[in-house]
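Nothing fancy with the numbering, it's 1 onward along the sequence.
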Amino acid sequence: MTVLRSILLFGAAALFEIGGAWLIWQGVREHKGWVWIGAGVVALGLYGFFATLQPDASFGRILAAYGGVFVAGSLLWGMAVDGFRPDRWDVAGALLCLAGVAVVMYAPRPA
């Protein structure tokens with residue numbers, strides 16, 4: 001159950017961080033204004049909050065593993081929201097990153 005909780009928290013964190021960055025991008029690059037930028041800032045704050053809920057107590061480990069989730073999540077976001085189509089190298093890179101997440105977060109460690 002701890003691994004499932006961790007995966008769900010990574011998913012929520014990715015949604016808020018990637019979504020927040022996208023909102024800021026829309027506000028600035030697409031000239032949608034300060035409301036979009038403000039919503040992005042709030043979403044980025046929520047990302048930070050969700051990251052703290054991980055069961056592991058090591059900030060460095062959590063952020064290092066989250067980096068892999070961010071890579072894969074960003075590609076998925078681009079596909080879902082911006083019509084981006086990853087090539088085989090994007091997919092291979094994302095899978096490597098997710099393998100890294102699994103090793104960093106869920107490999108057995110001595111107590």
Legend entry - ring pair (Phe, Tyr, Trp, His ring centres under 6.0 Å) involving F70 - partner list, sequence neighbours excluded: none
Inset, instruction - Taking all heavy atoms of G68 and all of C97, pick out the closest pair and write down the distance. - result: CA-CB, 3.7 Å
Legend entry - Common cluster, W22/L46, ILVMFWY with side-chain heavy-atom separation under 4.5 Å: yes
Scan the side chains in residues 104-111 for donor-acceptor partners under 3.5 Å anywhere in the protein, sequence neighbours excluded, and list what turns up.
residue : atom : partner : partner atom : Å
Y106    : OH   : S6      : OG           : 2.7
R109    : NH1  : V104    : O            : 3.0
R109    : NH2  : V104    : O            : 2.8

Legend entry - Transitive ILVMFWY cluster of I24, excluding itself - 4.5 Å side-chain cut-off: V28, W34, I37, V41, L44
Inset, instruction - Identify the two heavy atoms, one from P55 and one from L9, that lie closest to each other, and give their separation to 0.1 Å. - result: CD-CD1, 4.4 Å
Inset, instruction - Nearest 0.5 Å please: distance from the CZ atom of F16 over to the CG atom of L23. - result: 11.0 Å
Inset, instruction - Identify, with sequence neighbours excluded, every residue that meets salt bridge (charged side-chain N to carboxylate O under 4.0 Å, His left out) alongside R61. - result: D56
Inset, instruction - Kindly write out the residues that satisfy side chain to side chain contact (heavy atoms under 4.5 Å, CB included) with F49, not counting sequence neighbours, or none if the list is empty. - result: T52, L53
Legend entry - All ring pair (Phe, Tyr, Trp, His ring centres under 6.0 Å) counterparts of Y66, not counting sequence neighbours: Y47
Inset, instruction - Taking atom CH2 of W25 as the centre, report whether more than 12 heavy atoms of other residues, nucleotides or ligands fall under 6.0 Å from it. - result: no
Quiz: residues 83-93 side-chain donor-acceptor pairs under 3.5 angstrom, not counting sequence neighbours:
residue : atom : partner : partner atom : Å
D87     : OD1  : W89     : N            : 2.9
D87     : OD1  : D90     : N            : 2.8
D90     : OD2  : D87     : N            : 2.9

Inset, instruction - Identify the heavy atoms of W36 and G27 that sit nearest to each other, and give their distance. - result: CB-CA, 3.9 Å
Legend entry - Shortest non-hydrogen separation from I18 to G73 and the atoms involved: CD1-C, 3.4 Å
Inset, instruction - Using the salt bridge (charged side-chain N to carboxylate O under 4.0 Å, His left out) rule, collect all pairs that involve residues 12-40, keeping only residues at least two apart or in two chains. - result: none
Inset, instruction - Locate the shortest heavy-atom distance separating I62 from F10; write the atom from each residue and the value. - result: O-CE2, 3.9 Å
Legend entry - Under the side chain to side chain contact (heavy atoms under 4.5 Å, CB included) test, residues paired with A21 that sit two or more places apart: none
Inset, instruction - Scan for salt bridge (charged side-chain N to carboxylate O under 4.0 Å, His left out) pairs involving residues 91-107, sequence neighbours excluded, and state none if there are none. - result: none
Inset, instruction - Kindly work out whether a path of hydrophobic side-chain contacts (I/L/V/M/F/W/Y, heavy atoms less than 4.5 Å apart) joins V71 to L98. - result: no
Legend entry - Linked, directly or transitively: L8 and V69 (ILVMFWY side chains, under 4.5 Å): no
Inset, instruction - Could you list who else is in V35's hydrophobic cluster, with ILVMFWY side chains joined at under 4.5 Å, directly or through other members? - result: none
